[in-house]
Amino acid sequence: MKIATYNVNGVNGRLPVLLRWLQETQPDVVCLQELKAPQEKFPEEAIRDAGYHAIWHGQKSWNGVAILSRFGEIQELRKGLPGDDEDTQSRYIEAFINGVVIGGLYLPNGNPAPGPKFDYKLQWFERLKLHAAGLLARDIPVVLTGDYNVMPTEQDVYKPERWVDDALFRPETREAFKTLVAQGWTDAIRKLYPTETIYTFWDYFRNAYGRNAGLRIDHFLLSPQLDKRLVAAGVDKQVRGWEKTSDHAPVWIELADE
DNA sequence: ATGTCGCTGTGCCAGCGA
């Protein structure tokens, strides 16, 4: 079972790139972030024609998350992260697919920091930790994947000293990610590639991709049941070099059948 | 401080978020 995550940065503007990538790499399940489309403007038909069922939580202009699957109807578990009825941003969607709970998330960016946006990021992180702990307690196979907007360690940033005050790399942010993982999750990419430089995002500015000035901010966290089944993982880096592409590249894992 | 995108509405450019 191959599961991918891809921050598309506009699902309609990115549709040709998304469809080409789906066709070429054939993932079984895909979590998408930054749809930047209201609920009624999700390109359901084009995605169905490509062979995928979809559920999505849209929002006008910003945010928006989706889950695509090649395995028949998707059993939706929730839209939105619990813990704050006032939060109207579309950043979390969860489904049960082929025996696995799949949580797709788009964690807040948090810049500028400090400030209200950074406070929102840390609060969202706390809500995610509560929800994640509840999932772990159920002893079921779970993957929490998406754009975490966190570089976990200095190894995950092309130039760490330039990012120490940024919301994606501040000590509070790294600490939040670390305590989340410490609940019992496995960072799938780091498990398979403990010492390699791996990036999933390159800024549009200053030829960042050409200089490989990247960040690793898209992650897969696996529950213990899935940690045992992890057989491969990677970044489809070439997609970042295509015309009209997102600033993120797709990331994927392969799980062994039970 | 800057850069480059995608989106929206004030609408064919400017402002916002990233």
Side-chain angles (χ1 to χ4, degrees), chain A residues 5-21 31-44 46-47 56-66 81 87-92 104-125 128 145-152 156-170 172-174 176-177 199-219 235-251:
Chain A
T5 183
Y6 186 19
N7 180 323
V8 288
N9 189 17
V11 71
N12 287 303
R14 205 67 63 212
L15 197 55
V17 166
L18 174 62
L19 295 176
R20 177 182 169 193
W21 168 71
C31 293
L32 299 177
Q33 303 88 40
E34 276 206 88
L35 303 178
K36 290 185 168 181
Q39 191 68 12
E40 64 276 14
K41 293 237 175 105
F42 183 83
E44 181 180 21
I47 283 171
W56 63 96
H57 196 197
Q59 184 181 332
K60 194 169 77 170
S61 304
W62 297 303
N63 310 317
V65 286
L81 190 63
D87 186 359
T88 57
Q89 301 190 26
S90 299
R91 295 181 175 277
Y92 188 81
L105 63 99
Y106 176 46
L107 209 131
N109 176 295
N111 278 306
K117 291 187 176 178
F118 190 57
D119 295 341
Y120 174 65
K121 177 176 196 160
L122 295 180
Q123 285 159 13
W124 207 93
F125 233 131
L128 177 62
T145 187
D147 178 359
Y148 281 74
N149 270 314
V150 180
M151 294 85 90
D156 303 308
V157 199
Y158 67 99
K159 198 169 274 198
E161 66 276 13
R162 287 255 177 102
W163 289 82
V164 285
D165 293 325
D166 191 279
L168 280 67
F169 197 55
R170 288 175 71 94
E172 305 95 310
T173 306
R174 277 183 271 171
F177 187 82
Y199 299 139
T200 66
F201 167 95
W202 296 261
D203 221 307
Y204 287 123
F205 310 153
R206 290 174 251 115
N207 188 33
Y209 182 64
R211 296 184 295 120
N212 197 29
L215 311 172
R216 188 174 76 97
I217 57 177
D218 301 273
H219 306 297
V235 179
D236 290 333
K237 189 179 173 183
Q238 75 284 356
V239 176
R240 181 61 181 82
W242 293 355
E243 289 295 312
K244 298 280 284 177
T245 201
S246 171
D247 40 6
H248 294 250
V251 188

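Predicted, not measured: the structure shown is a model, and the values here were computed from it. Letters A, B, ... mirror the listed sequences (proteins, then strands); counts begin at 1.
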Run the side chain to side chain contact (heavy atoms under 4.5 Å, CB included) test against [X] and tell me which residues pass, sequence neighbours left out.
X: A:Y209; value: A:W202, A:K237, A:R240
X: A:R20; value: A:E24, A:W242
X: A:T200; value: A:R216, A:I217, A:D218, A:V235, A:V251

Would you mind reading off the distance between [X] atom [atom1] and [N] atom [atom2], rounded to a whole angstrom?
X: A:N12; N: B:dC7; atom1: CG; atom2: C1'; value: 11 Å
X: A:L35; N: B:dG6; atom1: CG; atom2: C1'; value: 13 Å
X: A:R14; N: B:dT4; atom1: CZ; atom2: P; value: 16 Å
X: A:Y209; N: B:dC5; atom1: OH; atom2: P; value: 15 Å

Can you tell me if A:R206 touches the phosphate of B:dT4, counting only side-chain N or O atoms and a distance under 4.0 Å to OP1 or OP2?
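No, outside the criterion.
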Should we count CZ of A:R162 as having more than 12 external heavy atoms under 6.0 Å?
no
Using the [atom1] atom in both, what is the distance from [N] to [M], to the nearest Å?
N: B:dC7; M: B:dT2; atom1: P; value: 25 Å
N: B:dG6; M: B:dT10; atom1: P; value: 23 Å
N: B:dT8; M: B:dG3; atom1: C1'; value: 22 Å
N: B:dA1; M: B:dA14; atom1: P; value: 23 Å

Closest approach to the side chain of A:K60, judged atom by atom: which nucleotide of B:dC7, B:dG9, B:dG6 is it?
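Of all the options, the side chain of A:K60 is nearest to B:dG9.
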Quick one: salt bridge (charged side-chain N to carboxylate O under 4.0 Å, His left out) partners of A:R170, sequence neighbours excluded?
A:E172
Salt bridge (charged side-chain N to carboxylate O under 4.0 Å, His left out) involving A:D165 - partner list, sequence neighbours excluded:
none
Treating primed atoms plus P, OP1 and OP2 as sugar-phosphate and everything else as base, which nucleotides of nucleotides 10-18 of chain B get B, S or - for protein heavy atoms under 4.0 Å?
-------BB
For A:R162 and A:A37, find the nucleotide of DNA chain B closest to each by heavy atoms; which residue's nucleotide sits nearer the 5' end?
A:R162
Do A:R91 side-chain atoms and A:Y106 backbone N/O form a donor-acceptor pair below 3.5 Å?
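Here the side-chain-to-backbone pair exists.
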Using a 4.0 Å heavy-atom cut-off, does A:K41 contact any base of the nucleic acid, only the sugar-phosphate backbone, or nothing at all?
nothing
